[in-house]
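Hydrogens, waters and symmetry mates are skipped; everything else that's a heavy atom, side chains included, is used.
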Amino acid sequence: MLRHSWIIFTKDLRMEFRSKESLNAAVAFSLVVLVLFSFAFDPTSEQIHEISGGLLWILFAFAGVLLVNRSFAREQSNDCMNVLISSRVPASALLLGKSLANTLFILLVEAVCLPVFGIFYNINLFAQPFWMLLVCLLGTWAIAIIGTVFAAMTVSLRLRELMLPVMVYPMIIPALAAAMQLTTVLSTGKPLESDNMLWVRVLIGFDIIFTALALGLIDTVLVD
């Protein structure tokens, strides 16, 4: 399974980096939204620390859906989707490989946005780099695994661009809430206290539960 996942992962990377369509669109969208937010909020205000986590993770959720929307849609040309389903590649390996590729794409968007956000709003988001990296990895995986499953479910729909965010956003609310809370605390430069560990456990639990559910249900999703 891991070998097949790696093959799917590298294939999606090659296809995306060859055209950079989705990645460029997600990065451009994120930077435009950050600039617009900077006009709406006073960057010198203390209030910006309180809403920094919410702003960032809403932005990452929007950019993530833009990216996962293409993960199965690009397989529709030349009937590649049916070839993949009927091949020896297990559906779980297909999902895992595409989720890993989407995670990397979203992390690249975050790698561009976090320094820009820090400069525009005068916030040091990397005062505790280990915790910031952990929150980004866990939150991004939550968006990627849920988004990739629903991208598989909606790939044949005519209104998939509309249906995908409607289905994804309600499902990732617990993970987004946890990532927002932790990012807000980290943006103040204060160490995470014991009560903040609850949000870390929520993120880890969310990722484990929904990854197991996604891997267990993906056969049914792709066959149907």
Applying a strict under-4.5 Å side-chain criterion to I, L, V, M, F, W and Y, I'd like to know whether Phe130 and Val200 cluster together.
yes

Say whether Leu66 and Phe17 are linked into one hydrophobic cluster, either directly or through other cluster members, by side-chain heavy-atom distances under 4.5 angstrom.
yes

Over all atoms of both residues, closest heavy-atom pair of Gly54 and Thr184
N-OG1, 4.4 Å

Quick one: are Val109 and Leu23 in side-chain contact, heavy atoms under 4.5 Å?
yes

Side chain to side chain contact (heavy atoms under 4.5 Å, CB included) between Phe150 and Met171, intermediate numbers included:
CA-CA 10 Å; Phe150 282 111; Met171 293 296 294; 3.7 Å; yes

Find out whether Trp57 and Thr140 are in side-chain contact, i.e. whether some heavy atom of one side chain is under 4.5 Å from a heavy atom of the other.
yes

Using atom types as modelled and distance alone, determine if a side-chain donor or acceptor of Ser99 lies under 3.5 Å from a backbone N or O of Leu96.
no

Pairwise distance CD1(Ile208) to CG(Leu203) - rounded to 0.5 angstrom:
11.0 Å

Given side chains that start at C-beta, do those of Thr154 and Met167 come closer than 4.5 Å, heavy atoms only?
yes

Taking side chain as C-beta onward, heavy atoms only, is Leu34 less than 4.5 Å from Cys113?
yes

Flag, side chain of Gln181 to backbone of Asn196, donor-acceptor distance under 3.5 Å:
no

Under 3.5 Å, is there a donor-acceptor pair between the Trp141 and Thr211 side chains?
yes

Residue among Asn122, Ile123, Val116 satisfying side-chain contact (heavy atoms from CB on, under 4.5 Å) with Phe120:
Val116

How far apart are the closest heavy atoms of Asn102 and Ala144, and which atoms are they?
CB-CB, 4.2 Å

Would you indicate whether the side-chain heavy atoms of Phe210 and Val149 approach each other to under 4.5 Å?
no

Lys98 (side chain) donor-acceptor with Leu95 (main chain) under 3.5 angstrom
no

Distance from Glu21 atom CD to Leu67 atom CG, nearest 0.5 Å?
12.0 Å

Under 4.5 Å between side-chain heavy atoms, hopping through other hydrophobics if needed: is there a path connecting Phe60 to Ile51?
yes

Quick check, are the ring centers of Phe62 and Tyr169 under 6.0 angstrom apart?
yes

To check you understand the geometry: which heavy-atom pair defines the closest contact between Ser71 and Asp12, and what is its length?
O-OD2, 4.4 Å

Shortest non-hydrogen pair, Ala26 vs Ser30, comes out as O-OG, 2.7 Å

Quick check on the hydrophobic clustering: are Tyr121 and Phe126 connected, directly or via other members, by side-chain heavy-atom contacts under 4.5 Å?
yes

Is the ring pair Phe9/Trp6 parallel, tilted or perpendicular, if the boundaries are 30 and 60 degrees?
tilted

Does any N or O in the side chain of Thr183 come within less than 3.5 Å of the main-chain N or O of Gly53, such that one atom is a donor and the other an acceptor?
no

Look up atom CG in Leu137 and atom OG1 in Thr103, then write down how far apart they are to the nearest 0.5 Å.
9.0 Å

Can you name the closest pair of heavy atoms from Glu110 and Pro115 and give their distance?
O-CD, 4.2 Å

pair Val135-Leu186: side-chain heavy atoms closer than 4.5 Å:
yes

Flag the pair Leu114 / Met132 as yes when at least one side-chain heavy-atom distance between them is below 4.5 Å, and no otherwise.
yes

Check: Trp199 and Met180 side chains under 4.5 Å, non-hydrogen atoms:
no

Would a distance-only check, ignoring hydrogens and angles, find a side-chain to backbone donor-acceptor pair under 3.5 Å from Thr10 to Ile7?
yes

Roughly how far, to the nearest 0.5 Å, is the CD1 atom of Ile209 from the CD1 atom of Ile204?
12.0 Å

Establish whether Phe29 and Ile143 are linked, either directly or via other cluster members, by ILVMFWY side-chain heavy-atom contacts under 4.5 Å.
yes

Once rounded to the nearest 0.5 Å, what's the spacing between atom OG of Ser52 and atom CG of Leu125?
6.5 Å

Non-hydrogen atoms of Ile172 and Ala61 that approach each other most closely
CD1-CB, 4.3 Å

Kindly compute the distance separating CE (Met153) from CD1 (Ile218), expressed to the nearest 0.5 Å.
9.0 Å

